[in-house]
Amino acid sequence: MSLTCQQLLTQYPNEWQTATVHPFLAECQQGTIQPHQFNTWLVQDYHFVIEFTRLAASLIQTAPAEHLDTLLSGIIALKDELNWFRGKATERQLNLDQPLQPTCKIYRQFMADLAQQPYPVKAVGFWAIELAYNQGWQGHSPMPKPYTEFADRWGNVAFTTYVELLARQADGALQGTDETIQAEAKAVFLRVASLEKDFWQMAYAGGASDSI
Ligand code: HMH
């Protein structure tokens with residue numbers, strides 16, 4: 001039997017929990033997160049999403065035709081998201097042209113490398129990255145202002161449905177793959193879990209302990 005996304009979540013609940021539960025999110029929900037912590041997250045995540053968009057494009061290059069509809073809807077959402085990030089940065093008077101923090105650089109390099117992997121491995125990684133935000137923000141919802149719209153962006157029901165479609169597509173791509181591909185997919189899933197945890201930690205530190 002082929003590996004599935006659900007099996008990964010079932011096999012590694014603790015690893016996955018560290019990706020989706022963090023004091024950064026808890027303190028956004030309590031309204032006690034400090035502006036410099038939140039702003040660190042916002043600026044670095046903007047740069048994350050730029051590389052994530054390139055990963056999405058690489059999936060489109062290799063996806064079977066029947067997967068394109070979902071992936072293209074993802075690309076359209078990313079166009080809106082990048083503009084929304086720029087708007088939020090303007091509102092908060094943040095300069096987006098800031099140096100990337102080491103954690104953000106490492107995560108971006110991971111995505112650039114993932115783009116070179118076989119489609120089933122990429123599809124699992126892409127799904128895991130979106131699920132981390134879906135569950136992370138949804139699990140700490142509702143959030144008070146000004147964080148409400150952030151929690152809603154990734155926690156809303158339509159986004160959950162999109163992530164479920166990504167899981168179905170990744171499952172389909174994994175069907176009939178050999179052990180090597182499945183082992184790579186598992187490793188990518190665990191790496192995403194770890195990088196997500198690091199990204200929250202980077203934001204929580206507010207740039208204090210993560211800058212070069
Ligand atoms: C770090 N993970 C991180 N940022 C995001 N925007 C997402 C996942 C979801 O796209």
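Quick note: residue numbers are just sequence positions, from 1.
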Looking at His140 and Gly136, would you say the former's side chain and the latter's main chain have a donor-acceptor pair under 3.5 Å?
yes
Which heavy atom of Leu25 sits nearest a heavy atom of Met143, and at what distance?
O-CE, 3.8 Å
Distance-only, no hydrogens or angles: does the Glu27 side chain make a donor-acceptor pair with backbone N or O of Ile33 under 3.5 Å?
no
Checking Lys122 side chain against Ala115 main chain: does a donor-acceptor pair fall under 3.5 Å?
yes
Could you tell me whether a side-chain N or O of Thr32 sits under 3.5 Å from a main-chain N or O of Cys28, the two making a donor and an acceptor?
no
Is it true that atom CD of Gln17 has more than 12 heavy atoms of other residues, nucleotides or ligands lying nearer than 6.0 Å?
no
For Phe159, is there any backbone N or O sitting under 3.5 Å from a side-chain donor or acceptor partner on Asn156?
yes
Looking at side-chain heavy atoms only, is the closest gap between Leu8 and Trp127 below 4.5 Å?
yes
Anything under 30° is parallel, anything over 60° is perpendicular, the rest tilted; go ahead and classify Tyr133 against Trp200.
parallel
Just by distance, do the side chain of Asn134 and the backbone of Trp154 share a donor-acceptor pair under 3.5 Å?
yes
Does any N or O in the side chain of Arg108 come within less than 3.5 Å of the main-chain N or O of His47, such that one atom is a donor and the other an acceptor?
yes
Are the side chains of Asp45 and Phe48 in contact, using a 4.5 Å heavy-atom criterion?
yes
Could you walk me through whether Ile129 and Glu196 pass side-chain contact (heavy atoms from CB on, under 4.5 Å), step by step?
CA-CA 8 Å; Ile129 291 169; Glu196 287 291 329; 4.2 Å; yes
For a side-chain contact (heavy atoms from CB on, under 4.5 Å) check, start with the C-alpha distance between Trp16 and Thr20, then their side-chain angles and the critical distance, and finish with the verdict.
CA-CA 7 Å; Trp16 192 248; Thr20 57; 3.7 Å; yes
Determine whether Lys186 and Val124 make a side-chain contact, defined as any pair of heavy atoms from C-beta on separated by less than 4.5 Å.
no
What pair of heavy atoms forms the shortest contact from Leu68 to Ala63, and how long is it?
CD2-CB, 4.3 Å
In Å and rounded to the nearest 0.5 Å, what is the CG to CZ distance from Leu114 to Phe52?
10.0 Å
Taking all atoms of both residues into account, what is the closest heavy-atom pair of Gly125 and Val188, and its distance?
CA-CG1, 3.5 Å
Rounded at 0.5 Å granularity, tell me how far CG in Leu82 sits from CD1 in Ile50.
6.0 Å
If only atom types and distance count, is the side chain of Gln98 paired as donor or acceptor with the main-chain N or O of Asn95 below 3.5 Å?
yes
Are Met202 and Val21 connected in a single hydrophobic cluster, I mean Ile/Leu/Val/Met/Phe/Trp/Tyr linked by side-chain heavy atoms less than 4.5 Å apart?
no
What side chain to side chain donor-acceptor pair (under 3.5 Å) pairs are there with at least one residue in residues 161-175, not counting sequence neighbours?
Thr70-Gln169
Do you know which two heavy atoms are closest between Gly176 and Ser2, and how far apart they sit?
N-OG, 2.9 Å
Report yes or no: do Asp113 and Gln109 form a side-chain donor-acceptor pair below 3.5 Å?
yes
Hphob cluster co-occupancy, Leu165 + Leu55, side-chain heavy atoms under 4.5 angstrom
no
Using a 3.5 Å distance criterion without hydrogens, assess whether the side chain of Ser194 forms a donor-acceptor pair with backbone atoms of Leu190.
no
Does anything in residues 143-152 form a side chain to side chain donor-acceptor pair (under 3.5 Å)? List the pairs, not counting sequence neighbours.
Trp84-Glu149, Lys88-Glu149
Is there a side-chain contact between Glu15 and Phe189 in this structure, where contact means two heavy atoms from C-beta onward sitting under 4.5 Å apart?
no
Just so I know, are the side chains of Asn83 and Arg86 near enough to count as touching, which here means a heavy-atom distance under 4.5 Å?
yes
Taking every heavy atom of Thr18 against every heavy atom of Ala193, the minimum-distance pair comes out as OG1-O, 4.3 Å
Quiz question: by atom type and distance under 3.5 Å, do the side chains of Ser141 and Gln29 form a donor-acceptor pair?
no
Exam field: side chain Gln44 to backbone Pro99, donor-acceptor pair closer than 3.5 Å:
yes
Looking at CD of Glu81 and CD1 of Ile76, how far apart are the two atoms once the value is rounded to the nearest 0.5 Å?
13.5 Å
Just wondering, more than 12 heavy atoms not from Gln93 lying within 6.0 Å of its CD?
no
Is any side-chain heavy atom of Glu184 closer than 4.5 Å to a side-chain heavy atom of Thr180?
yes
Answer yes if the ring centres of Trp41 and Tyr204 are under 6.0 angstrom apart, and no otherwise.
no
Checking Leu174 against Thr4 for the side-chain contact (heavy atoms from CB on, under 4.5 Å) test, could you report, in this order, the C-alpha distance in whole Å, the side-chain angles of both residues, the deciding distance, and whether it holds?
CA-CA 7 Å; Leu174 284 168; Thr4 66; 5.8 Å; no
About how many Å separate CZ of Phe126 and CG of Leu59, when rounded to the nearest 0.5 Å?
6.0 Å
Show the numbers, then the answer: is there a side-chain contact (heavy atoms from CB on, under 4.5 Å) between Leu9 and Leu131?
CA-CA 11 Å; Leu9 293 169; Leu131 182 68; 3.8 Å; yes
For residues Ala170 and Cys5, report the shortest heavy-atom separation together with the two atoms involved.
CB-SG, 3.7 Å
Rounded to the nearest 0.5 angstrom, the CG-CG distance for Asn39 and Leu94 is 4.0 Å
In terms of ring plane angle, is the pair Phe24 and Trp137 parallel, tilted or perpendicular, where the classes change at 30° and 60°?
perpendicular
Identify whether the distance between the nearest side-chain nitrogen and carboxylate oxygen of Asp80 and Arg153 falls below 4.0 Å.
yes
A side-chain contact here means heavy atoms from C-beta on lying under 4.5 Å apart; do Arg54 and Met111 qualify?
no
Check: Tyr107/Glu51 side-chain N/O donor and acceptor closer than 3.5 Å:
no
